[in-house]
Each structure stands twice: as C-alpha cells, then as structure tokens.
Amino acid sequence: MFKPLDAIFFEAPTLDLSRDLLGKILVHELPDGIVAGRIVETEAYMGAEDRAAHSFGNRRTKRTEIMFGKSGLVYTYQMHTHTLLNVVSGPEETPRAILIRAIEPVDGIDFMAERRGRHMPMKQWTSGPGKLTKAMGITMDYNGHHFTERPLYIAEGEAVRAVSKGPRIGIGNSAEAVHFPYRFWETENPFVSKFRP
DNA sequence: TCCTCGATTACCT
DNA sequence: GGTAATCGAGGAT
C-alpha cells in the first residue's frame with residue numbers, strides 16, 4: 001500500500017525539500033491500522049543564519065542535537081501542551097529542519113475522528129502542527145527516528161496543483177527572520193492552517 | 001537554582 | 001480579541 005521514500009529524497013536543498021514535501025503522504029502504521037495524511041503545508045528553518053530556528057548561530061544543545069544529524073531524521077519537540085513534527089534537512093553538521101504544519105486526512109479517518117473529537121469539523125482535525133500530531137498519534141518518542149523507516153515514514157502521493165509561499169507563523173520575536181518567505185502550502189487547500197492574528 | 005518564554009490550541013467574552 | 005494550559009529548554013544568577 002504505502003512505501004517509504006528512499007533516503008536520497010531528503011537530500012535536496014532545504015527550501016526545495018520544503019516544497020517537494022507538499023503532496024507527499026505522511027504515514028503512521030499502528031497495530032490497529034494505518035493513519036495517513038497528505039502534506040499540504042510546511043515551513044523551513046534555515047539553521048545557523050535563521051533567527052527563528054532553534055539552531056540559530058549553530059546553537060547545539062540536547063534539544064537541537066538531532067538537527068545536526070543526517071537529513072530525513074525526525075525532530076519532535078513540545079510546544080506548550082503539543083508535539084510538533086519536523087524533518088531534519090541539510091548535510092550533517094548543518095542544523096536545518098522543516099516543520100510539517102498541516103496534512104489532509106487520507107487514511108485512518110476513524111482513528112483521527114476518535115482522537116480529535118467526532119463533533120469537530122474534519123477541516124479542523126489536522127490544520128495545524130499540534131493538531132496533526134494528535135490526530136495521527138505521533139509522540140515525542142519518534143525524536144531521532146528516520147522518515148524512511150516504519151512505522152512512521154513519508155511516501156509518494158498525489159502531486160500538488162499549485163504552491164503558494166509567504167512568511168512563517170508564530171515567530172514574532174525573530175527580528176528580520178519574521179519576513180523570510182519560508183512557509184509553503186498548497187494553494188487553496190482547505191486543510192492549511194489559518195493565519196494567527 | 002531561579003526566571004522567562006515559547007515554530008500552539010481551545011475556550012472564553 | 002484575550003488568555004489559560006503546563007513544562008522543559010535555555011540563559012541568567
């Protein structure tokens with residue numbers, strides 16, 4: 001059914017990879033079945049030169065260590081009460097990452113409905129970085145896992161129709177980096193996260 | 001040790 | 001539009 005992409009896919013330059021991830025399928029294989037969603041929104045964090053990145057100035061700590069590893073690794077971290085999911089990018093020692101901000105549910109609809117609450121409109125199940133990890137059952141335990149390996153991986157999907165780009169969300173205290181156009185999304189896809197005022 | 005704050009979300013008014 | 005939730009990372013002391 002779904003098959004992990006080869007590791008070479010993740011070796012593209014970070015901004016190219018951010019765009020290439022759109023349309024790909026994020027898959028989580030669980031004992032009870034498969035949960036999968038098509039990636040429709042991403043944000044690039046450009047490491048040493050990017051004030052909004054955790055690894056700005058090559059800051060190397062227990063938390064950011066994984067970003068210095070090879071491309072395609074999973075970087076998860078906690079934001080308040082939520083888990084956020086990133087794809088490590090760039091060669092080793094270049095601490096870049098791509099935040100997966102939204103997916104469009106493809107498989108495991110019942111599982112997602114159960115986890116997000118059956119009364120919530122489907123549009124709101126996965127339209128945000130914290131929402132999609134909850135919907136798909138992705139936890140901090142996957143930090144350091146690789147996206148080419150089961151049970152959590154990225155597979156080929158239906159190509160995007162059109163791509164938009166613009167400034168990233170929620171990085172208000174990042175000086176000049178606030179304006180960098182590092183957010184990518186599929187134009188007019190209803191599962192893209194809403195801009196936060 | 002102590003303090004501040006966050007790559008968010010949901011619920012309140 | 002405002003804010004609580006909720007806790008560890010990161011920097012200051």
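Naming convention: chains lettered A, B, ... in sequence-line order (proteins, then strands); numbering from 1 in each chain. Excluded from the calculations below are hydrogen atoms, water molecules and symmetry mates; all remaining heavy atoms, backbone and side chain alike, are included.
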Structure string for DNA chain C in dot-bracket form, Watson-Crick and G-U at under 3.5 Å, | interchain:
|||||.||||||.
Backbone N or O of A/Ile169 within a donor-acceptor pair of the A/Glu43 side chain at under 3.5 Å?
yes
Using the test salt bridge (Lys or Arg N to Asp or Glu O under 4.0 Å), find all partners of A/Arg19 that sit at least two apart in sequence or belong to another chain.
A/Asp16
Fellow cluster residues of A/Tyr153, listed by chain then number, with links counted only when side-chain atoms sit under 4.5 Å apart
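A/Met1, A/Phe2, A/Ile25, A/Val27, A/Ile34, A/Val106, listed by chain and number.
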Should the pair A/Arg168 and A/Tyr45 be classed as cation-pi, given the thresholds of under 6.0 Å to the six-membered ring centre and 45° from the axis?
yes
For B/dT4 versus C/dA4, give the span between their P atoms, rounded off to a whole number of Å.
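Each nucleotide's P atom is 16 Å from the other's.
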Just the table, please: protein N/O against nucleotides 11-13 of chain B N/O, every pair under 3.5 Å.
none

Compare all side-chain heavy atoms of A/Pro95 with those of A/Arg60 and state whether any distance is below 4.5 angstrom.
no
Tightest non-hydrogen contact, residues A/Leu26 and A/Met136, listed as O-CE, 3.4 Å
Expressed in whole Å, how much space separates the P atoms belonging to B/dC5 and C/dT3?
15 Å
Under a 4.0 Å heavy-atom cut-off, which of residues 86-98 of chain A touch DNA chain B?
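DNA chain B contact set from residues 86-98 of chain A: A/Asn86.
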Under 4.0 Å, heavy atoms only, any strand: does A/Leu84 hit a base, just the sugar-phosphate, or nothing?
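A/Leu84: backbone/sugar contact only, no base atoms under 4.0 Å.
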Please determine whether the number of non-hydrogen atoms from other residues, nucleotides or ligands lying under 6.0 Å from atom CD of A/Glu176 exceeds 12.
yes
Rounded to whole Å, please give me the gap between NE2 in A/His82 and C1' in C/dA5.
8 Å
Selection: residues 110-124 of chain A, any non-hydrogen atom under 4.0 Å of DNA chain C:
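Correct list: empty, so none.
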Holding to salt bridge (Lys or Arg N to Asp or Glu O under 4.0 Å), I want the full list of residues that pass it with A/Lys131, two or more places apart in sequence or in another chain.
none
With sequence neighbours left out, write down each residue that passes salt bridge (Lys or Arg N to Asp or Glu O under 4.0 Å) with A/Arg115, or none if nothing qualifies.
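Expected list: none.
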Below 30° counts as parallel, above 60° as perpendicular, anything between as tilted: where do the rings of A/Phe180 and A/Tyr182 land?
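Tilted, since the angle between the ring planes falls between 30° and 60°.
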A/Arg101 CZ - B/dA7 C1' separation (whole Å)
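Going from A/Arg101 (CZ) to B/dA7 (C1'), I get 7 Å.
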Holding to salt bridge (Lys or Arg N to Asp or Glu O under 4.0 Å), I want the full list of residues that pass it with A/Glu92, two or more places apart in sequence or in another chain.
none
Are B/dA7 and A/Tyr45 stacked, with the base six-membered ring and the side-chain ring centres under 5.5 Å apart and planes under 30°?
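Whether judged by distance or by angle, A/Tyr45 passes, so it stacks on the base of B/dA7.
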Rounded interatomic separation in angstrom, taking CD from A/Gln78 and C1' from C/dA5:
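My rounded result for the distance is 13 Å.
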Where the side chain of A/Thr83 meets the backbone of A/Thr133, is there a donor-acceptor pair that is under 3.5 Å apart?
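Flag not set: sc A/Thr83 to bb A/Thr133 has no pair under 3.5 Å.
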Whole angstroms only, please: what is the OH-P distance between A/Tyr77 and B/dG6?
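The answer, rounded to whole Å, is 12 Å.
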What integer distance in Å separates A/Met79:CE from C/dA4:P?
15 Å
Do any side-chain atoms of residues 3-14 of chain A form donor-acceptor pairs under 3.5 angstrom with protein atoms, and if so which ones, sequence neighbours left out?
residue: A/Asp6; atom: OD1; partner: A/Ile8; partner atom: N; Å: 3.0
residue: A/Thr14; atom: OG1; partner: A/Ser89; partner atom: OG; Å: 2.8

Where along nucleotides 7-13 of chain C does protein come under 4.0 Å, by heavy atom, of base (B) or sugar-phosphate alone (S), with - for untouched nucleotides?
--SSS--
d(CG, A/Leu99; P, B/dG6) in whole Å:
16 Å
Give me the atom names and distance for the closest heavy-atom approach of A/Glu186 to A/Asn189.
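Shortest heavy-atom contact: OE1-ND2, 2.8 Å.
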Output a table of donor-acceptor pairs, distance under 3.5 Å, between side-chain atoms of residues 119-126 of chain A and any protein atom two or more places apart or on a different chain; print 'none' if there are none.
residue: A/Trp125; atom: NE1; partner: A/Met120; partner atom: O; Å: 3.1
residue: A/Thr126; atom: OG1; partner: A/Ile103; partner atom: O; Å: 2.6

Would you say the rings of A/His28 and A/Phe111 are close, in the sense that their centroids are separated by under 6.0 Å?
no
